[in-house]
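What follows is a short report on a single structure.
Residue numbering restarts at 1 for every chain, and letters A, B, ... go by the order of the sequence lines. These numbers come from a predicted model, not from an experiment.
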Amino acid sequence: MASILIVDDSTTMRQMVSFTLTSAGHKVLEAEGGDAAILLAKRNTFDLIIADVNMPGMNGIDLVRALRALPEYKFTPVLVLTTEDSVELKQKGKSAGATGWIVKPFNPEVLLSVLNKVLS
Amino acid sequence: MITPVQKLRSHSGRLPLLMLYLALPWLWAVWIVPWWVSLVALILVPVAAAMIVVAVFPAPLASRRASDDIQLSDAQIEKMREASSGLHNLLERWSTLSRNTGVNLESARQQVDDVILHSEAAVLEITNSFVGVTRKTRTQMEYALSLLQQAKVPGGNAAQKNEDLSLPEYIRASEAMLKSLTARLLHFSETSLELVQRQERVREQTRRIDDLLDQMTSLAGQVGRFALSTSAMVQGSRRDDFTNMADKVRGLSQAANDLSREVRQSLEGIKDEMSGAHTALNNMAREARTAAQQTIAEVEPLGKAMLAKNKQVADILDRINVAGNEIQQDINQIIIAMQFQDIIQQKLERLKTPVFTQVLDALRSLSDETRFLNQRINPKLLDVSGMTKTGPFRVARSGAVSTASTPEEQPTPAAPKLPGESSGKIELF
């Protein structure tokens with residue numbers, strides 16, 4: 001069982017991802033923006049972070065960058081879950097330190113298999 | 001002002017035709033009226049035509065322009081030229097905006113159509129998945145209930161009966177059989193206890209025989225000692241000694257008889273006990289055989305039924321498992337479909353900001369400029385406060401356009417991609 005943080009401004013998306021992960025036995029916390037995610041990340045320890053890109057305030061790429069600046073999250077896997085599929089954005093995410101890029105809509109089974117792969 | 005002569009000159013081309021029209025009513029009467037009447041009427045026709053042209057016909061356009069030019073001052077003409085220039089500029093902008101708005105709205109229409117299609121598909125997918133989940137859950141419940149509610153087939157043999165038992169009935173039958181088996185085992189236990197008691201009594205008799213044998217050994221010792229005493233008496237030949245000896249021998253004989261009787265009685269007791277034990281063992285063996293046969297007769301079909309029931313339970317559990325997996329797939333589909341809400345929201349956001357906001361801004365600016373031009377043409381309405389600063393271009397009091405941020409220069413909205421085009425792609429860095 002892993003401790004996972006979901007960052008997305010869409011309540012529906014957070015609920016969908018949370019439902020998928022909690023069904024698989026993971027412990028999940030949610031944040032609706034980058035700033036809230038950073039606060040949660042400082043107060044808790046997460047094994048994995050899943051973040052959207054398009055969010056009001058701090059976007060997903062900046063969030064990845066900010067997380068990588070924290071010593072305790074230097075090597076924590078961060079997956080980007082977004083509708084964006086442009087090569088430039090992917091490259092930005094990779095440069096910022098993202099571990100992977102998943103394009104919405106996600107298939108729960110596939111998401112869990114990726115999760116297990118990343119966590120292992 | 002146009003003089004009658006100018007008007008007649010301008011309409012000179014139409015005069016002959018007009019005179020012909022006016023003369024026609026008099027031509028038919030030439031043969032029936034006096035000649036001088038016809039002559040006077042035809043002479044008056046050109047006069048009537050001239051009067052009609054002067055009184056009824058409008059002045060020609062060129063004449064009217066010339067007349068207006070005369071009335072306008074140079075300042076007014078300059079003002080009109082500026083207004084015309086602004087109007088021309090405005091119309092060009094309106095045309096450009098209309099064209100761009102048309103393109104944007106067409107793009108928006110396509111996006112909205114796309115959103116509607118995806119929304120409809122998502123709702124349909126969710127509905128179908130929910131229906132599937134409900135149906136499969138009901139199937140699972142029916143499978144589970146079939147284990148509990150299976151009807152017994154009346155008139156079938158024992159095995160068939162057991163195979164057709166529902167799970168609770170099967171459990172009750174097993175319980176009844178176990179109770180019967182336990183009662184038989186209890187009976188065997190009681191019989192065994194009786195056998196143990198018989199053995200205890202035999203052991204008691206055996207111990208009694210042991211004692212008697214000890215006494216007989218003692219008796220033999222006494223007989224030995226009598227033999228020695230007898231040989232001594234033979235050497236002394238005393239009468240009293242023989243009398244005593246005879247009494248003792250009699251006593252020994254009596255004791256030997258008593259011991260023999262007791263041994264016989266003990267042996268009889270042992271024989272009786274052994275006989276009773278044999279009978280009890282025989283009875284028990286017979287009962288055990290009967291009970292074993294009866295148990296086999298009951299357990300065998302129950303065992304077969306248990307195997308069949310196990311297989312049935314395994315089959316039903318397999319089906320329930322398959323239905324569970326299908327339900328999981330449906331739930332996954334629901335999760336995928338529900339994500340379109342987020343995708344649709346982002347598509348609409350992409351539409352809202354670049355398309356509608358830009359169109360609204362451009363329309364607002366053009367509206368301001370139109371109002372400004374209107375006020376330029378009608379100075380009584382002039383109110384420049386905060387009016388010319390909001391648009392993408394500003395019009396000075398003189399009418400000159402100082403900034404021209406046309407709609408074409410604004411960024412066109414990025415075409416949102418379809419949700420299904422690259423959905424679910426995963427890339428690990």
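For a residue to count as touching a neighbouring chain, one of its non-hydrogen atoms must lie under 4.5 Å from one of that chain's; by this rule A:V17 does not touch chain B. For A:L81, no part lies under 4.5 angstrom from a heavy atom of chain B. A:K117 touches chain B through its side chain: at least one heavy atom from C-beta onward sits under 4.5 Å away, while N, CA, C and O do not.
Salt bridge B:R364/B:D368: absent, no basic N to carboxylate O contact under 4.0 Å. Remark: B:R109 engages B:E106 in a salt bridge, criterion side-chain N to carboxylate O under 4.0 Å. Here A:D62 does not pair with A:K92 in a salt bridge; the nearest charged N to carboxylate O distance is not below 4.0 Å.
More than 12 non-hydrogen atoms from other residues, nucleotides or ligands lie less than 6.0 angstrom from NZ of A:K90. Taking a 6.0 Å sphere around CZ of A:R43, one finds it holds 12 or fewer heavy atoms contributed by other residues, nucleotides or ligands.
Of residues 319-331 of chain B, those residues lying under 4.5 Å from chain A by any heavy-atom pair are B:Q329, B:I331.
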Using atom types as modelled, flag every donor-acceptor pair under 3.5 Å from a side chain in residues 27-35 of chain A to any protein atom, sequence neighbours excluded.
from, atom 1, to, atom 2, distance (Å)
A:E30, OE1, A:R14, NE, 3.2
A:E30, OE2, A:S18, OG, 3.4

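A side-chain donor-acceptor contact under 3.5 Å links B:T139 to the backbone of B:R135.
The choice from A:T20, A:T12, A:T99, A:L79 that makes the most heavy-atom pairs within less than 4.5 Å of chain B is A:T99.
For the residue pair A:L63 and A:A37, the shortest heavy atom distance occurs at CD1-CB, 3.9 Å.
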